[in-house]
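Below is one structure, written out as structure tokens, with a few remarks after it.
What you see is a predicted model, and the numbers here were worked out from it, not measured in a lab. Whatever order the structure lists ligands and atoms in, that order sets their numbers, starting from 1.
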Amino acid sequence: MSLAFTTEKQLAISAVRRACSLTSSVFNKLVKNETLTKGDKSPVTVGDYSAQAVISSMLHCAFPEDPIVGEEDAAELRAEAGATLRGRIVELANEALVRELGQGDYAEWGIGPGSQQTSEQLLDAIDRGNYEGGRSGRMWTIDPIDGTKGFLRGEQYAVCLALLVDAEVQVGVLGCPNLPVDSSKPDGEKGCIFVAVRGQGAQQMKLSGADPAPLSMPPYSPSAFNFLESVEAAHSSHSTINKISSLMGITRPPIRMDSQAKYACLARGDGGAYMRMPTGVGYKEKIWDHAAGSLIIEESGGIVSDSKGQRLDFGLGQTLGENYGVIATAKDAHAKLLQAVQQVLRDPSVPSKA
Ligand SMILES: Nc1ncnc2c1ncn2[C@@H]1O[C@H](COP(=O)(O)OS(=O)(=O)O)[C@@H](OP(=O)(O)O)[C@H]1O
Ligand SMILES: [Mg+2]
Ligand SMILES: [Mg+2]
Ligand SMILES: [Mg+2]
């Protein structure tokens, strides 16, 4: 039986939308115009902290008992040296919180005119993301800016929020402010939100919430098949993925894109598979980098697994533990892809673990 999660879904969309307006304004004010002076903290840090503050304070108003596993914590901001950074974050977070209520927004979530928070309240909101995670109960996970490198380049990044219940992702929302609404019009309107609720399907809508449309992955088509992979070779082995591609006889080049926007693109049929292969440097994947995206894939008719074919385990804490490598693709392509992945990983020179 699937639960409705109506309020959770609406709140998650509303929080991600406010965080997206914040990160876009950080980019426009601080990155594009290079107004940050030398010695300032990087704009991505300002964006990360303030976006987590906004999402976390909205979650707290609506569901005060729910713990949060967030990527960021406020320790550095509380220190004396963090004063300038703190000031910027408080200003940006409050700007996003006090914006007029739109469709699907509720003042009870601590938003709209008059919802300013003090510096202390916002630091506490960031630190409420300190929950260590685990197997049982409800918890939210936030990646306020996923694909930090992409954000700085003005390319793809995602604001990511998911609700887990007993280690299963139940609600997932990705905000992708730089992603074209229609992939066949790369220079057209940009800014999308992707939403999934387990058992209820997945949808894409514009950042404004307009034009919601169901997502459904197209079936496997060998001639159209290609991979979506990280831009950063340090995050996922390009050479391993290249070997898998050759073995499968894939002729189309991979699409390199930062962040969980890759999952969103796959869900709407832009690309054949999400691929992430270990680089052998001892890194364990974080739950906030995969929770929302994996549900969006599953609810669009796809399968997500690690490189051994196991489901991703969100119940082990902040990391995915022994899930090394991630592959996501349409149901009818998964077995074929997994076979190729395992064949390549049998080569002792290819890293199969972090
Ligand atoms: N060594 C290593 N291996 C695997 N993954 C790592 C590694 N280091 C970082 N990260 C995480 O990668 C997140 C960025 O997502 P992607 O790798 O998909 O995109 S990209 O490489 O930035 O293009 C990135 O998320 P953000 O920090 O939110 O940007 C990291 O959590
Ligand atoms: Mg991330
Ligand atoms: Mg991040
Ligand atoms: Mg990071």
Review item, side-chain donor-acceptor pairs of residues 221-228, under 3.5 Å, at least two apart:
unit_1, atom_1, unit_2, atom_2, d
S221, OG, A224, N, 3.4
N226, OD1, G272, N, 3.1

Donor-acceptor contacts, no H, no angles, side chain residues 189-196, under 3.5 Å, sequence neighbours left out:
unit_1, atom_1, unit_2, atom_2, d
E189, OE1, K206, NZ, 3.2
K190, NZ, P186, O, 3.2

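Identified under the side-chain hydrogen bond (donor to acceptor under 3.5 Å, both in side chains) test for residues 155-167, with sequence neighbours left out: T23-Y157, R153-E155.
Nearest heavy-atom pair, P278 versus Y324, reported as atom, atom and distance to 0.1 Å: CG-CB, 4.0 Å.
Side chain to side chain, Y283 and H235 fail the donor-acceptor criterion of an N or O pair below 3.5 Å.
Salt-bridge formation is not detected for the pair K308/D306: no Lys NZ or Arg NE/NH1/NH2 atom is positioned less than 4.0 Å from an Asp or Glu carboxylate oxygen.
Atoms of the protein (N, O or S only) found under 2.8 Å from the Mg ion (ligand 3) are E71 OE1, D143 OD1, I145 O.
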